[in-house]
Amino acid sequence: MQVTSFKELLRQTDEQFHKVVPFNAAKDNLLRMDFTERNTSLNEGVMGDATRFAGYINERLKSAHCKYGIGGYKENRVVYQQHPLFNNNEEEPRSIHLGIDIWGDAGTLIYAPLNGIVHSFANNDKQGDYGGTIMLQHNINGLVFHSLYGHLSANSLDGLAKGKKIAKGDLMAILGTAGENGGWPPHLHFQLILDMEGREGDYPGVCKPSEKEKYTLNCPDPDLILGMMRYAI
């Protein structure tokens with residue numbers, strides 16, 4: 001299914017999506033984060049040090065009086081090109097971000113935006129990876145797609161099983177600490193995926209620039225479900 005068809009089918013449904021994180025647009029501010037080369041204050045030294053990176057995020061949020069930082073879909077995060085997980089000594093490192101990140105406090109509650117079942121889950125515990133990861137499968141009027149939740153606490157995986165029903169609005173996970181989420185400041189990586197391509201418990205959240213069209217066709221804009229970017233400042 002093409003992204004345009006996915007968008008149209010979502011527009012045609014009367015489905016109302018639950019907020020993925022606690023957020024009240026009337027009082028909570030969101031800060032649009034920029035991790036591209038335009039952001040000269042964010043360099044390899046900051047991103048390569050979990051404590052410095054967390055301090056950078058927290059200071060940005062505090063100074064802007066924002067509850068969460070948000071953004072990143074289709075962003076070219078060139079600073080990732082120095083990270084072993086995204087480089088792997090290849091001629092073309094991965095740097096195109098395929099999800100939306102929501103930067104907040106460890107322990108932030110994560111809710112299911114709509115009904116689904118557990119497709120798969122895993123603790124992707126390599127440095128720089130997702131840490132606790134849950135994949136849900138959804139079906140809206142015959143439209144089957146998936147949502148990915150990365151950088152969760154390890155205990156968010158407790159009690160899960162493939163096929164377990166998850167209802168819209170269910171508390172399904174919490175954000176993990178840097179010690180359990182791949183070494184990142186606490187945040188949720190939220191991604192939509194049409195075809196899982198046989199993968200379980202994982203799907204690339206960052207792709208090579210030359211593969212941007214291929215992956216973004218399979219990974220539509222997560223804000224179609226989140227509905228949060230219009231509130232970001």
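The two atoms that bring Arg94 and Pro204 nearest to each other are NH1-CB, 4.4 Å, heavy atoms only. Nearest heavy atoms, Pro186 versus Gly176: CB-O, 3.7 Å. The two residues Leu194 and Leu217 come nearest to each other via the heavy atoms CD1-O, 3.7 Å. What you find for Ile193 and Cys219 is that their closest heavy atoms are CG1-SG, 4.2 Å. Counting all heavy atoms, side chain and backbone alike, Val46 lies closest to Ser41 at CG2-O, 4.0 Å. In this structure, Ala112 and Ala167 approach most closely via the heavy-atom pair CB-O, 3.6 Å.
Of the listed residues (Asn124, Asp125, Asn123), just one forms a side-chain hydrogen bond (donor to acceptor under 3.5 Å, both in side chains) with Thr133, and that residue is Asn124.
Note that OH of Tyr203 is 9.0 Å distant from CE of Met135, once rounded to the nearest 0.5 Å. Rounding to the nearest 0.5 Å gives a distance of 15.0 Å between OG1 of Thr177 and CH2 of Trp184. The distance from atom CE of Met33 to atom CG of Leu42, rounded to the nearest 0.5 Å, is 8.0 Å. Note that the CG atom of Asn76 and the CD atom of Glu37 stand 7.0 Å from one another [nearest 0.5 Å]. Atoms CG and CG, on Leu148 and Leu188 in that order, are 8.5 Å from each other to the nearest 0.5 Å. Taking OG from Ser120 and CE from Met196, the interatomic distance works out to 5.0 Å, rounded to the nearest 0.5 Å.
Between the Tyr215 side chain and the Ile96 main chain, no donor and acceptor come within less than 3.5 Å of each other. Using a distance-only test at 3.5 Å, with no hydrogens or angles considered, a donor-acceptor pair links the side chain of His151 to the main chain of Asn181. Although no hydrogens or angles enter the test, the distance criterion places a donor-acceptor pair under 3.5 Å between the side chain of Ser156 and the main chain of Ile174. Asn58 places a side-chain N or O within 3.5 Å of a backbone atom of Ala54 that can act as its donor or acceptor partner. Side-chain N or O atoms of Lys168 include one that pairs as donor or acceptor with a backbone N or O of Gln16 at under 3.5 Å. Without hydrogens or angle criteria, Asp221 side chain to Asp223 main chain gives a donor-acceptor distance under 3.5 Å.
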Would you mind writing out the side-chain donor-acceptor pairs for residues 21-28 within the sub-3.5 Å range, not counting sequence neighbours?
{"from": "Asn24", "atom 1": "OD1", "to": "Ala26", "atom 2": "N", "distance (Å)": "2.9"}
{"from": "Asp28", "atom 1": "OD2", "to": "Asn24", "atom 2": "N", "distance (Å)": "2.8"}

For residues 224-233, tabulate all N or O donor-acceptor pairs below 3.5 Å that involve a side-chain atom, not counting sequence neighbours.
{"from": "Arg230", "atom 1": "NH1", "to": "Gly227", "atom 2": "O", "distance (Å)": "3.2"}

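Residue pairs meeting the salt bridge (charged side-chain N to carboxylate O under 4.0 Å, His left out) criterion with at least one member in residues 54-66: none, sequence neighbours excluded. Every pair passing salt bridge (charged side-chain N to carboxylate O under 4.0 Å, His left out) that includes a residue from residues 180-204 is listed here, sequence neighbours excluded: Lys162-Glu200. Applying the salt bridge (charged side-chain N to carboxylate O under 4.0 Å, His left out) definition to pairs two or more places apart or across chains, those involving residues 95-106 are Arg77-Asp101.
Under the 4.5 Å side-chain criterion, counting only non-hydrogen atoms from C-beta, Pro209 is in contact with Glu92. Using a 4.5 Å heavy-atom threshold, the side chains of His187 and Ile57 count as separate. By the 4.5 Å heavy-atom criterion applied to side chains, Cys66 and Leu30 are not counted as neighbours.
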Task: Residue pair Leu152, Phe121: steps toward the side chain to side chain contact (heavy atoms under 4.5 Å, CB included) verdict - done: CA-CA 11 Å; Leu152 309 175; Phe121 56 95; over 6 Å; no
TODO: Give the intermediate values and the outcome of ring-ring contact (aromatic ring centres under 6.0 Å, His included) for residues Phe53 and Trp103.
DONE: CA-CA 12 Å; Phe53 192 11; Trp103 304 85; 5.6 Å; yes
- [ ] In sequence, state the C-alpha distance, the side-chain angles, and the governing distance for Asn141 and Leu143, and then conclude on side chain to side chain contact (heavy atoms under 4.5 Å, CB included).
- [x] CA-CA 6 Å; Asn141 298 331; Leu143 167 63; 5.9 Å; no
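More than 12 non-hydrogen atoms from other residues, nucleotides or ligands lie less than 6.0 angstrom from CD of Glu15.
Under the 4.5 Å side-chain heavy-atom criterion for Ile, Leu, Val, Met, Phe, Trp and Tyr, Ile166 and Tyr111 are members of distinct hydrophobic clusters. Hydrophobic clustering places Ile110 together with Leu160 (ILVMFWY residues linked when any side-chain heavy atoms are closer than 4.5 Å, directly or through intermediates).
The ring-ring contact (aromatic ring centres under 6.0 Å, His included) search around Tyr149 returns Phe190, not counting sequence neighbours.
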